[in-house]
Undergrad: 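If you scroll down you'll find the structure; I have some questions about it.
Hydrogens, waters and symmetry mates are skipped; everything else that's a heavy atom, side chains included, is used.
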Amino acid sequence: MDLLALADFNLVARHGGFGKAARAAGRPKATLSRRVAELEASLDLRLFERGARALKLTEEGRALFERTGRLLSELEETAAAIASGGERPRGRLRISAPVLFSQTAMGKIAAGFALKYPEVRLEVTTEDRAVDMVEEGFDLVIRVNPDPDESLVGRAFLRDRLVVVASPHLARPADGLATPAVMRSTADRGAWDVKTPTGRSTIAIEPVLALSSLIMVRDAVRAGVGAARLPVSLVSHDLADGTLVHWGDLDRPDIALWTLYPSRRLLSARVSAFLDHLKQAFPMGTPDELAAYIGK
């Protein structure tokens with residue numbers, strides 16, 4: 001494939017027409033039209049629907065634009081960085097991050113990164129769903145305990161664990177009795193298996209409140225409504241101050257937060273810089289380090 005023709009196609013698609021693209025690039029409109037036509041002929045595909053007054057991408061053209069535009073931008077940035085004598089982070093950096101991490105720590109992390117790298121335009125989208133990085137145009141995603149994906153690479157940069165906590169005014173129930181519980185999901189019923197310094201035990205629960213946010217769950221537990229299982233980083237300060245008490249650790253593997261990016265994509269200076277920034281924020285990757293970001 002002719003990369004120059006592909007670059008011209010992206011230029012026209014980005015500006016929405018040959019005339020606008022020609023004026024923006026300072027190049028003849030006829031040259032851009034000819035090179036796009038040559039690209040269509042080489043691919044045996046129609047990339048644009050050419051109307052009397054409007055130019056519209058075909059379905060194939062839109063797919064080509066979405067998949068090649070970012071790659072061409074990365075090549076241009078790499079060439080510019082090499083020409084300037086060093087690869088300085090610059091340009092747009094789109095990140096998808098989970099809700100709780102975003103609410104508790106991402107604001108401070110993003111602000112520190114923006115101050116350190118003013119030429120990077122950082123955009124953080126908060127969501128817990130598994131986004132399609134390529135189709136939706138993300139450079140990096142942060143995920144909790146992600147499923148294996150051969151198309152993505154990355155590492156765990158932070159670990160946390162779930163604990164059962166309650167107000168000191170709520171007595172732990174005797175064996176066979178249930179404790180009122182604040183839940184993240186109405187489907188989460190039954191009992192909690194926990195580990196304590198004296199061994200393992202089971203806490204029977206009776207859900208009394210279901211909330212969609214773990215911060216809401218923590219606030220309800222602080223008010224004494226019931227017990228809950230929460231990340232220890234979210235309640236670390238409460239446990240230290242005695243406003244909540246620890247009933248045990250959930251008997252399950254730790255929570256791991258991962259940074260992931262497409263394995264086939266050249267790791268840009270922007271992504272590398274953000275990964276280094278996270279490493280500096282959480283050098284050991286412990287819950288205490290996350291708790292320091294969360295504050296009281």
Undergrad: Under 4.0 Å between a side-chain nitrogen and a carboxylate oxygen: does that hold for Glu123 and Arg121?
TA: yes
Undergrad: Heavy-atom count check: over 12 atoms from other residues, nucleotides or ligands less than 6.0 Å from Lys108 NZ?
TA: yes
Undergrad: Determine whether Val12 and Asp8 make a side-chain contact, defined as any pair of heavy atoms from C-beta on separated by less than 4.5 Å.
TA: no
Undergrad: Please identify each residue that fulfils side chain to side chain donor-acceptor pair (under 3.5 Å) with Glu38, with sequence neighbours left out.
TA: Arg34
Undergrad: Could you pull out the closest heavy-atom pair between Ser96 and Val131, with the gap in Å?
TA: OG-CG1, 3.8 Å
Undergrad: Pair Phe282, Tyr293 - check ring pair (Phe, Tyr, Trp, His ring centres under 6.0 Å), show working.
TA: CA-CA 10 Å; Phe282 308 109; Tyr293 265 83; 5.2 Å; yes
Undergrad: Could Asp139 and Arg92 be called an ion pair, given the rule that one side-chain N must be under 4.0 Å from one carboxylate O?
TA: no
Undergrad: Does any part of the side chain of Arg27, heavy atoms only, come nearer than 4.5 Å to the side chain of Leu32, both counted from C-beta?
TA: yes
Undergrad: Do the side chains of Leu93 and Tyr117 get nearer than 4.5 Å, heavy atoms only?
TA: no
Undergrad: Under the side chain to side chain donor-acceptor pair (under 3.5 Å) criterion, do Arg90 and Ser268 qualify, and how do the steps go?
TA: CA-CA 9 Å; Arg90 66 182 72 185; Ser268 70; over 6 Å; no
Undergrad: Apply side chain to side chain contact (heavy atoms under 4.5 Å, CB included) to residues Ile205 and Met183 and explain how you reach the verdict.
TA: CA-CA 10 Å; Ile205 60 172; Met183 315 301 293; 3.8 Å; yes
Undergrad: Identify which one of Leu230, Leu257, Ile215 satisfies the side chain to side chain contact (heavy atoms under 4.5 Å, CB included) criterion when paired with Leu100.
TA: Ile215
Undergrad: Tell me, do Leu170 and Pro180 make a side-chain contact under 4.5 Å, heavy atoms counted?
TA: yes
Undergrad: The test is side chain to side chain contact (heavy atoms under 4.5 Å, CB included); show your working for Val163 and Val194 and say whether it passes.
TA: CA-CA 8 Å; Val163 294; Val194 298; over 6 Å; no
Undergrad: Considering all heavy atoms of both residues, which atom of Ala269 and which atom of Pro89 are nearest to each other, and what is their separation?
TA: O-CG, 3.9 Å
Undergrad: Using 0.5 Å steps for rounding, measure from the OG1 atom of Thr259 to the CG atom of Leu275.
TA: 5.0 Å
Undergrad: Output, in order, the C-alpha distance, side-chain angles, deciding distance and verdict of salt bridge (Lys or Arg N to Asp or Glu O under 4.0 Å) for Arg200 and Asp251.
TA: CA-CA 8 Å; Arg200 285 174 165 79; Asp251 194 4; 2.8 Å; yes
Undergrad: Identify whether the distance between the nearest side-chain nitrogen and carboxylate oxygen of Glu40 and Arg50 falls below 4.0 Å.
TA: yes
Undergrad: Which heavy-atom pair separates Trp192 from Ala227 by the least distance, and what is that distance?
TA: CH2-O, 3.8 Å
Undergrad: Under the criterion side chain to side chain contact (heavy atoms under 4.5 Å, CB included), which of Val99, Val235, Asp219, Leu234 is the partner of Leu214?
TA: Leu234
Undergrad: Quick one: do Arg161 and Asp249 make a salt bridge, cutoff under 4.0 Å?
TA: yes
Undergrad: Just how far is it from atom CE of Met284 to atom CG of Leu158, taken to the nearest 0.5 Å?
TA: 12.0 Å
Undergrad: Who pairs with His277 by ring pair (Phe, Tyr, Trp, His ring centres under 6.0 Å), at least two apart in sequence or on another chain?
TA: Phe113
Undergrad: Excluding sequence neighbours, so at least two apart, what forms side chain to side chain donor-acceptor pair (under 3.5 Å) with Thr126?
TA: Ser102
Undergrad: Between Phe9 and Phe48, does the ring pair (Phe, Tyr, Trp, His ring centres under 6.0 Å) criterion hold? Intermediate values first, please.
TA: CA-CA 10 Å; Phe9 158 73; Phe48 290 107; 5.5 Å; yes
Undergrad: State, with a plain yes or no, whether a side-chain heavy atom of Pro98 is found less than 4.5 Å away from one of Ile142.
TA: yes
Undergrad: Which pair of heavy atoms, one from Ala156 and one from Ala256, lies closest together, and at what distance?
TA: CB-CB, 4.4 Å
Undergrad: Is any side-chain heavy atom of Arg270 closer than 4.5 Å to one of Arg94?
TA: no
Undergrad: Taking all atoms of both residues into account, what is the closest heavy-atom pair of Val232 and Pro287, and its distance?
TA: CG1-CB, 3.6 Å
Undergrad: Could you give me the CA-CA distance, side-chain angles and deciding distance for Thr196 and Trp247, then say whether side chain to side chain contact (heavy atoms under 4.5 Å, CB included) is met?
TA: CA-CA 8 Å; Thr196 68; Trp247 282 8; over 6 Å; no
Undergrad: Can you tell me how far CG of Leu162 sits from CG of Asp254, rounded to the nearest 0.5 angstrom?
TA: 9.0 Å
Undergrad: A quick test of your reading: do over 12 heavy atoms of other residues, nucleotides or ligands sit less than 6.0 Å from CZ of Arg46?
TA: no
Undergrad: Test salt bridge (Lys or Arg N to Asp or Glu O under 4.0 Å) on Arg143 and Asp128 and set out the steps.
TA: CA-CA 8 Å; Arg143 285 290 169 261; Asp128 286 330; 5.9 Å; no
Undergrad: Apply side chain to side chain contact (heavy atoms under 4.5 Å, CB included) to Val165 and Asp238, showing your working.
TA: CA-CA 10 Å; Val165 295; Asp238 294 281; over 6 Å; no
Undergrad: Assign the ring pair Phe157 / Phe101 to parallel, tilted or perpendicular, where the plane angle (0 to 90°) is split at 30° and 60°.
TA: perpendicular
Undergrad: Assess the residue pair Glu49 and Arg62 against the criterion (salt bridge (Lys or Arg N to Asp or Glu O under 4.0 Å)); give the C-alpha distance rounded to whole Å, side-chain angles, the decisive distance to 0.1 Å, and a yes or no.
TA: CA-CA 11 Å; Glu49 295 291 351; Arg62 185 177 298 106; over 6 Å; no
Undergrad: Considering all heavy atoms of both residues, which atom of Ser212 and which atom of Arg184 are nearest to each other, and what is their separation?
TA: O-NE, 2.9 Å
Undergrad: Answer yes or no: are there more than 12 heavy-atom neighbours, outside Glu127 itself, under 6.0 Å from its atom CD?
TA: yes
